[in-house]
Each structure stands twice: as C-alpha cells, then as structure tokens.
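Counting starts at 1 for both ligands and their atoms, following the listed order. Note that the structure is a prediction, hence the values are computed from the model and not measured.
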Amino acid sequence: MPKICFIDSDGARKEIDAPVGVSLLKLARELDLDVPGSCGGSCACATCHMILPQDMYDALPEPSESEEDMLDLAFGLTKTSRLGCQVKVTEDMDGAVITIPQK
Ligand code: FES
C-alpha cells in the first residue's frame with residue numbers, strides 16, 4: 001500500500017498508508033487535517049484544495065472543467081494545485097508529500 005505524507009496548514013507532517021482508489025480528501029479526513037471538504041466531495045467548494053508534488057501532478061489525468069472552475073476560487077492556487085476530492089490514490093503515489101495550503 002502506498003505511503004503518503006501530508007504537511008498540514010500548520011506545518012505538521014502526518015503520514016498514512018493509503019489504500020489505492022481512495023480520494024485524497026478521505027485520507028485528509030482520516031488524519032484530521034485542516035481540509036473542510038465542505039461540499040462532501042462533489043467538486044463544488046474548493047475547500048479541499050491541496051498542493052501536489054510536480055511529478056505526482058504530471059502523472060494525473062487533467063482536471064475536469066468543473067474542477068478547474070473550482071480551483072480558480074481556491075486561495076493560494078499554485079501550478080500543481082488539485083482538489084483533494086477529485087484525486088484518487090494510485091500505487092505510484094508512494095512517498096508523495098502533499099501540502100495543505102494555509103488558510
Ligand atoms: Fe468540495 Fe472537494 S470537497 S470541492
């Protein structure tokens with residue numbers, strides 16, 4: 001099972017064994033990170049904004065148009081930003097370090 005590390009908005013590092021196919025939002029909730037996920041994962045709020053490492057971002061399919069629209073509303077958007085509810089864990093994410101932006 002891939003191991004994924006999150007850096008929470010307060011700088012704390014938390015690691016989790018991430019089952020393949022689970023969303024990054026679900027992992028964040030399990031770790032009690034500062035990720036509200038207010039819309040429950042339906043791509044309608046941008047509160048699950050996460051910053052991915054470049055190689056992980058590059059390996060993912062392009063964000064959908066609705067994800068792009070929501071990302072435009074996210075605070076502190078970067079070139080490797082994604083919505084955590086729209087990204088599912090894959091085997092090759094092992095060792096990835098994902099940053100939760102400061103609010
Ligand atoms: Fe609302 Fe991801 S939880 S967009």
Report yes if the side chains of L33 and K14 come closer than 4.5 Å at any heavy-atom pair, otherwise no.
yes
Heavy-atom contacts with C43 under 4.0 Å: which atoms of ligand 1 show up? List them by number with element.
4 (S)
Strictly under 2.8 Å, is any N, O or S atom of C48 next to atom 2 (Fe) of ligand 1?
yes
Need the ligand 1 atom indices (1-based, order shown) with element for anything under 4.0 Å from a heavy-atom of G41.
3 (S)
List every atom of ligand 1 that sits less than 4.0 Å from any heavy atom of C39, numbering the atoms from 1 in the order shown and giving each element.
1 (Fe), 3 (S), 4 (S)
Salt-bridge present (K3, D17; N to O < 4.0 Å):
yes
Could you tell me the separation between the NE2 atom of H49 and the OG1 atom of T78, rounded to the nearest 0.5 Å?
5.5 Å
With a 6.0 Å cut-off (strictly less than), is the heavy-atom count around NZ of K26, excluding the residue itself, greater than 12?
no
dist S81:OG -> L71:CG (nearest 0.5 Å) comes out at 6.5 Å
Of the listed options (A74, A46, P36), which comes nearest to atom 4 (S) of ligand 1 when hydrogens are ignored and any heavy atom counts?
A46
For atom 2 (Fe) of ligand 1, does an N/O/S atom of C45 lie at less than 2.8 Å?
no
